[in-house]
Amino acid sequence: MKYHFNEIEAKWQKYWAKNQTFKADNSSDKPKFYVLDMFPYPSGAGLHVGHPLGYIASDIYARYKRHKGFNVLHPMGYDSFGLPAEQYAIQTGQHPAKTTEENITTYRRQMDQIGFSFDWSREIRTSNSDYYKHTQWIFTQLFKSYYDKDEDKALAISDLVKTFEREGNSNLNAVCDEETPFFDANQWNAFSEKEKQKILLNYRLTFLSDTEVNWCPALGTVLANDEIVNGVSERGGHPVIRKKMKQWSMRITAYAQRLLDGLDKIDWPQPLKDSQTNWIGRSEGSMVRFKIQNSKFSISVFTTRPDTIFGVSFMTLAPEHELVAKITTNEYKEAVEKYVQATAKRSERDRMADVKTISGQFTGAYVEHPFTGEQIPIWIGDYVLASYGTGAVMAVPCGDQRDYDFAKHFDIPIPNIFQDIDISEHACEDKTAVIANSDFISGMPAKKAMKRMIYELEQRNIGEGKINYRLRDAVFSRQRYWGEPFPVYYKDGMPQMIDTKHLPILLPEVEKYLPTEDGKPPLGNATQWAWDTKKSTVVSLQSVDNKMIFPLELNTMPGWAGSSWYFNRYMDANNTDKFASQEALNYWKDVDLYIGGSEHATGHLLYSRFWQKFLFDKGLVPVEEYAKKLINQGMILGTSAFVYRWEYTDVRDNTSETIFVSKNKMEQIIKERTIIEQSKKNKTKDKWSGFTPIHADVSFVNASNELDIEVFKNWRDEYKNAKFITEEDGTFIVGREVEKMSKSKYNVVNPDDICHDYGADTLRMYEMFLGPLEQAKPWNTAGITGVHGFLKKMWRLYYSGKEESFSISDEEPTKEEYKTLHKTIKKVEEDIANFSFNTSVSTFMIAVNELSALKCNKLAILEPLAILIEPYAPHIAEELWEKFGHKESVATAIFPVFKETYLVESTKVYPISFNGKMRFTMELSLDLSREDIEKAVMAHEKTQKQLAGRTPKKVIVVPGKIVNIVG
RNA sequence: GCGGGUGUGGUGGAAUUGGUAGACACGCUAGAUUUAGGAUCUAGUGCUUCACGGCGUGGGAGUUCGAGUCUCCCCAUCCGCACCA
């Protein structure tokens, strides 16, 4: 019987679904193992061959763990809220839920076809109300919490209120907004309800505030920092501007230190940890307050080098700094305003693109140097960012290159406070330099000087040690339709949480998915969008009376809301009451292996760690870090194909035609052109327009880069009459380039086609065979025949003989056959442990090659082999397993046990090298002593030939390894 | 600028603690077989040389009996972050 992969695969996929083979129980005698993939956004384009890479790897791992006796949780779901479905809805009027549903159907079909061992009974969709109900619930918990720095955890707001009632907030050590005023108990108790709520917002872990946000006009929404790439939106590439808006934010900064500390406890890739560390951006230093002369104000600055304070020769404020207007003298008012306006006009992107131009303006005001009493001029300059530190710096031109450049440009003095360091060319940023000309810290190395300076600052009450973070609070509102609605209504302008027992608050229906005409978010179009506090239900917007019925929040939550806790939901996905039961959470605890892309380093992977820590603080989950180990799979890139269009215009009658030129021809023409243009200076009768590369669909091109011209012609109407200049042999060669796989680049390879042509088992093994999992690599179908051939060859081990019938012998295997099997077991287990899936595919190939050469059809070898390969090629494994007479799936068959005894050798083929270069090999008994080996090697004729009469200086013998003769 | 990764045949990639560089596969060459096949099988394939041999892991230096692997410097390339005080 031949290897009919299509039939076999369909048969077993059906079997698995029917028997719920991969359903995980929430209790078991077996140890638990949780293997998680980053769940996909179900886009309209469907899966391409790049998507399943990580899923295949995790599936291999999950299947392997089942063989090793673990109770494996391997779930899948959909991050189904998001922009594309909404954009599509705007264009077509179709409800995003409908599109999403359709896309999910396609995704599911495609995933089933690849044979993943997912427990589909736990499928989740973030856009389902039975899921987002809990997202809303977690949001309200964040609202009801604040961060206590003494306890170093989130505590209930109700406790905070008690503290305020008892003693105000002066002794409180909690994370809050900068501008939070101090008050005592009497003052607190005298505040109106609204004032109290306003103050509490300064403490809540999710809070509403006027925030400077990244506004994307084209998308009509705000974006988080990690949703912006190079100053434009990640999705669509639209420009982004800064704008102040009332927005929900998440106080992730409260968790900055714990997010940093937690990295030591998890086995995640170092580059990913580095980017999180970088993103959090902890820096140690101190705050220093400078008194402004003739003014009641002072300027606070953050500095990492308080030891250089005697080198301060000016102060610089960000143009947006609130003190600018207050301290500028009349003389400089006009110039300062002009400068402030000019910088405000420049977009963030312009400011980013242009970091070399130095600009700034003197304000006319001065501060007093806290130690020398000197007059220090206050400048404003756009090299100081309003959003970092205090938006002001103490400028030390001798110790900071930016301050140095600024000082040089505006002719400000550059005092030197370093011992024996030349600063005539540039600033000295070396932290080992010894401080000089600095009163009580002169002669000290920087580290010591910093400690002393912080002590002095604290003694004089003009500053203190401080740790600053680059991490900003995360904006949590989006002006979109297709996202989780907030369980929030507004009473007297203040946000109120809807009681959790009334959740979910369902996403309302709208006529249009666009923002309203007066600029409100899409939910502004909803007519049923008010909260009746008496009936506890959503009612018509028209019935708002602001007494009992109030307007609901118009923003929705961002994409990362649903993905910040989904891994917990899988543990108990069908719980209607809680996001997961305590029993389920305690049983599964955390993810043992998480596989996904590194592009989520500073987005999802940071936010989800933050939420998990919060849930942990509240005793809602048992562990503080939800993923013990994480692997980043590399992206599979597309190999785009290009044809070169030559727009040929005849100057005489001004006619033009489209010509496509084959790659090598084009290069030849370019060469000739260059020569013509150099010699005749454009005296040709036609206009030279050059070549435009056009993406051709990769399916029109064969493995030798030859284009099917007829298919290409029929692709687009405008190509129907195009001319083609081919190579001499009549072929048309396309250019190739590696790019991200995308529909618009026509380089997408669909896994459906591969499954149809070669089968899912081939696809799975080939994707692994392509290279190391973590590495980015271009997709190239050329090599797939190798893997497919291998599966066919393996099949023939079982279906041997001319008639190709299943024929297995009970005979005892030979030593060699056992050796091949056990060598394979050992290597495959090591490879899986190291996530080196590409090498285990090779190992299987070697095993099958060896067993084929031995004509092995022994049960004792081939039956375990079927289990060995099951994680990689489960369909063929099931089919063969069944043929051995098993009635149950191979999925939980015990993994063959490796026995060292089968690999023990009595001899070793020694490489004999001379001065480190291997010249020949010699087979010697492993029993031989060092001396015996040396004797045997020296007696060998080839040794004597190599030495050519010389006496070796030294002979290195490493028994069991190598012999090296020196001399 | 800072941080990180990568660099090995025509191609994708192998190479435990430093110990036979190029496993496995693609491609290519020759042959066998088949009515045909994107089928199967056999042999060969780093470069160079008729050959003996010589040279080979981006480049250069070093440590070592021995370096793709360790150390230092440089180059190329990709990915993050980017005026972070």
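Below, chain A is the first sequence line, B the second, and so on; all start at residue 1.
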Q. Under the side-chain hydrogen bond (donor to acceptor under 3.5 Å, both in side chains) test, which residues partner Asp473(A), sequence neighbours left out?
A. Thr253(A)

Q: Go through the structure and list residues passing side-chain hydrogen bond (donor to acceptor under 3.5 Å, both in side chains) with Thr781(A), not counting sequence neighbours.
A: Trp779(A)

**Q.** Base-contact (B) and sugar-phosphate-only (S) positions in nucleotides 10-26 of chain B, heavy-atom cut-off under 4.0 Å, - elsewhere
**A.** --BSSS-B-BBS-BBSS

Q | Interatomic distance, Phe290(A) CZ vs rA85(B) C1' [rounded to whole Å] | A | 12 Å

Considering only atom [atom1], compute the distance from [N] to [M] and round it to an integer number of Å.
N       : M       : atom1 : answer
rC83(B) : rC78(B) : P     : 22 Å
rG54(B) : rU49(B) : C1'   : 8 Å
rG44(B) : rU35(B) : P     : 28 Å
rU57(B) : rC50(B) : C1'   : 29 Å
rC70(B) : rU16(B) : P     : 11 Å
rU8(B)  : rA14(B) : C1'   : 10 Å
rU11(B) : rG27(B) : C1'   : 7 Å
rU63(B) : rG18(B) : C1'   : 11 Å

Q) Sequence neighbours excluded, which residues qualify as ring pair (Phe, Tyr, Trp, His ring centres under 6.0 Å) partners of Tyr3(A)? A) Phe5(A), Trp795(A)

Q: Apply ring pair (Phe, Tyr, Trp, His ring centres under 6.0 Å) to Phe410(A) and list each qualifying residue two or more places apart in sequence or on a separate chain.
A: Trp379(A), Phe406(A)

Does [X] have a side-chain nitrogen or oxygen under 4.0 Å from the phosphate oxygens OP1 or OP2 of [N]?
X         : N       : answer
Ser275(A) : rG3(B)  : no
Arg470(A) : rC83(B) : no
Arg402(A) : rC84(B) : yes

Q) Using a cut-off of 4.0 Å on non-hydrogen atoms, how would the nucleic acid contact of Arg472(A) be classed: base, sugar-phosphate, or nothing? A) nothing

Q.
Please determine whether the number of non-hydrogen atoms from other residues, nucleotides or ligands lying under 6.0 Å from atom NZ of Lys823(A) exceeds 12.
A. yes

Q: May I ask you to check whether over 12 heavy atoms, not counting those of Glu178(A), lie within 6.0 Å of atom CD?
A: no

Q) Does the side chain of Thr357(A) pick up a donor-acceptor pair with the side chain of Tyr383(A) at under 3.5 Å? A) no

Q: Would you check if Met922(A) and Val909(A) make a side-chain contact, meaning some heavy-atom pair closer than 4.5 Å?
A: no

Q.
Quick check: do Met315(A) and Val301(A) have side-chain heavy atoms less than 4.5 Å from each other?
A. yes

Q: Take Thr390(A) and Lys792(A), find for each the nucleotide of RNA chain B with the closest heavy atom, and name the residue whose nucleotide sits nearer the 5' end.
A: Lys792(A)

Q) Taking for each residue the nucleotide of RNA chain B bearing the nearest heavy atom, is the 5' side occupied by Val393(A) or by Lys2(A)? A) Lys2(A)

Q.
Only Watson-Crick and G-U wobble pairs, only distances under 3.5 Å, only runs of 3 or more: what stems does that leave for RNA chain B?
A. B:1-7 with B:75-81, B:10-12 with B:24-26, B:27-32 with B:40-45, B:46-48 with B:53-55, B:58-62 with B:70-74

Q) Atom CG of Asp307(A) and atom CE of Met450(A): how far apart are they, to the nearest 0.5 Å? A) 4.5 Å

Q.
Syn or anti for rG54(B)? Use the chi torsion, O4'-C1'-N9-C4 for purines and O4'-C1'-N1-C2 for pyrimidines, with syn inside 90° of 0.
A. anti

